[in-house]
> 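Pasting in a structure now, in C-alpha cells, and then I'll have a few things to ask.
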Amino acid sequence: MGAYSTASRHGSPRAAEETVSATVRQMASIPAARTLSTMLLRISAWAIFVGGGAAAVLGIAGLHVEITVAGLILACTSGLVLLKLRASTDDTD
C-alpha cells in the first residue's frame with residue numbers, strides 16, 4: 001500500500017527533454033568500445049559457458065562425477081571472464 005499512498009511526481013516536459021538530449025549526447029560521444037578481439041573473446045567465453053553448462057547437465061544425467069566437475073569448472077571460469085569483460089566495458093562509459 002505504500003506505493004499507492006504516495007503522491008506521484010510528474011516532472012516538467014522541459015526536464016524530460018533535457019534528460020533525453022543529455023543521454024543522446026553521451027551515447028554519441030562514446031566511441032565503439034567493442035573491438036574485434038573483445039567480441040571474439042566474448043563469443044568464445046559464451047560458447048565455453050554454454051558448453052560447460054551442457055557438460056555439467058550431461059554429467060549429472062549420466063552420473064559421471066568427473067564430467068560434471070569439469071563442466072562446472074568451465075562454466076564458472078568463463079562466467080567470471082564474462083563478468084570481468086562486462087565490468088571493463090562499464091568502466092569505459
Side-chain angles (χ1 to χ4, degrees):
M1 183 164 169
Y4 297 111
S5 64
T6 59
S8 62
R9 297 181 183 177
H10 296 287
S12 67
R14 175 84 174 139
E17 288 176 7
E18 289 174 0
T19 303
V20 169
S21 65
T23 304
V24 169
R25 273 186 268 127
Q26 180 184 8
M27 289 177 68
S29 67
I30 296 173
R34 294 185 178 179
T35 61
L36 181 62
S37 62
T38 305
M39 289 182 68
L40 289 175
L41 182 61
R42 190 170 295 208
I43 290 169
S44 63
W46 272 109
I48 294 171
F49 182 77
V50 170
V57 168
L58 291 175
I60 290 171
L63 299 176
H64 297 287
V65 176
E66 296 87 2
I67 295 172
T68 304
V69 170
L72 289 173
I73 289 171
L74 285 173
C76 291
T77 305
S78 62
L80 289 173
V81 169
L82 287 168
L83 285 173
K84 182 183 179 299
L85 286 172
R86 181 178 177 186
S88 68
T89 56
D90 287 344
D91 289 342
T92 59
D93 292 346

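Owing to the predicted nature of the structure, the values given are computational and were not obtained by experimental measurement. Residue numbers count from 1 along this sequence.
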> In the hydrophobic clustering (ILVMFWY, side-chain contacts below 4.5 Å, transitive), which residues join Val50, or is it alone?
none
> Show me the side-chain donor-acceptor pairs of residues 72-83 shorter than 3.5 Å, one per line, residues at least two apart or across chains.
unit_1	atom_1	unit_2	atom_2	d
Thr77	OG1	Ile73	O	2.7
Ser78	OG	Phe49	N	3.3
Ser78	OG	Leu74	O	3.0
Ser78	OG	Ala75	O	3.2

> Drop me the distance from Leu58's CG to Thr68's OG1, to the nearest 0.5 angstrom.
9.0 Å
> Restricting to side chain to side chain contact (heavy atoms under 4.5 Å, CB included), what partner residues turn up for Leu41, sequence neighbours left out?
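Side chain to side chain contact (heavy atoms under 4.5 Å, CB included) check on Leu41 returns Ser44, Leu85.
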> Does Val57 sit in a hydrophobic cluster with other residues, and if so which ones, taking ILVMFWY side chains as linked at heavy-atom separations under 4.5 Å, directly or through other members?
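Cluster partners of Val57: none, it stands alone.
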> Before giving the answer on side-chain contact (heavy atoms from CB on, under 4.5 Å), spell out for Arg42 and Thr89 the whole-Å C-alpha distance, their side-chain angles and the decisive distance to 0.1 Å.
CA-CA 12 Å; Arg42 190 170 295 208; Thr89 56; 3.6 Å; yes
